Engineer: 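One structure, pasted below without further comment.
Please read all numbers here as calculations on a predicted model, not as lab measurements.
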Amino acid sequence: MINPVVRGWANYYGRFYRSALYPLFDRINTCLLRWIQKKYRVGMKQALRRLAEGHARRPRYFAHWTWVAPTG
């Protein structure tokens with residue numbers, strides 16, 4: 001549901017103001033981390049590990065992961 005919107009932002013703003021997208025992508029990764037923490041009831045370290053493992057398995061699962069990989 002959100003991937004087409006993020007992909008559109010990246011395509012449009014990425015041509016003119018690419019550096020403005022990185023805080024947005026970090027914010028999306030932060031929201032994903034919080035979701036993992038709540039869903040699986042894990043701490044920050046394990047949530048980061050799970051997010052990094054998800055990126056390793058399916059690097060194109062989220063549109064913003066082609067630009068910025070989650071750190072963990």
Engineer: Are there over 12 heavy-atom neighbours, none belonging to Y12, within less than 6.0 Å of that residue's OH?
Structural biologist: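 No, because the 6.0 Å sphere around OH of Y12 holds 12 heavy atoms or fewer from other groups.
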Engineer: Do R18 and W67 form a cation-pi contact, if we require the NZ or CZ to be under 6.0 Å from the six-membered ring centre and within 45 degrees of the ring's axis?
Structural biologist: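 Yes - R18 lies over the ring of W67, closer than 6.0 Å to its centre and within 45° of its axis.
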Engineer: Determine whether F25 and V6 make a side-chain contact, defined as any pair of heavy atoms from C-beta on separated by less than 4.5 Å.
Structural biologist: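 Heavy-atom side-chain distance check passes, below 4.5 Å.
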Engineer: Under 3.5 Å, which donor-acceptor pairs do the side chains of residues 30-48 form with other protein atoms, sequence neighbours left out?
Structural biologist:
| from | atom 1 | to | atom 2 | distance (Å) |
| --- | --- | --- | --- | --- |
| T30 | OG1 | D26 | O | 2.9 |

Engineer: Could you go step by step and tell me if W65 and N29 meet the side-chain contact (heavy atoms from CB on, under 4.5 Å) rule?
Structural biologist: CA-CA 9 Å; W65 280 358; N29 281 335; 3.1 Å; yes
Engineer: What are the two closest non-hydrogen atoms of P59 and A56, and how far apart are they?
Structural biologist: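 In this case the closest contact between P59 and A56 is CD-O, 4.2 Å.
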Engineer: So which heavy atom on N3 is nearest to which on A63, and how close?
Structural biologist: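 Looking at all heavy atoms of both residues, the shortest contact is OD1-N, 2.9 Å.
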Engineer: Heavy atoms only: give me the nearest L21-W9 pair and the separation to one decimal.
Structural biologist: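 L21 and W9 have their closest heavy atoms at CD2-O, 4.1 Å.
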Engineer: Is the F62 ring parallel, tilted or perpendicular to the H64 ring (thresholds 30°, 60°)?
Structural biologist: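 Aromatic pair F62/H64 classed tilted.
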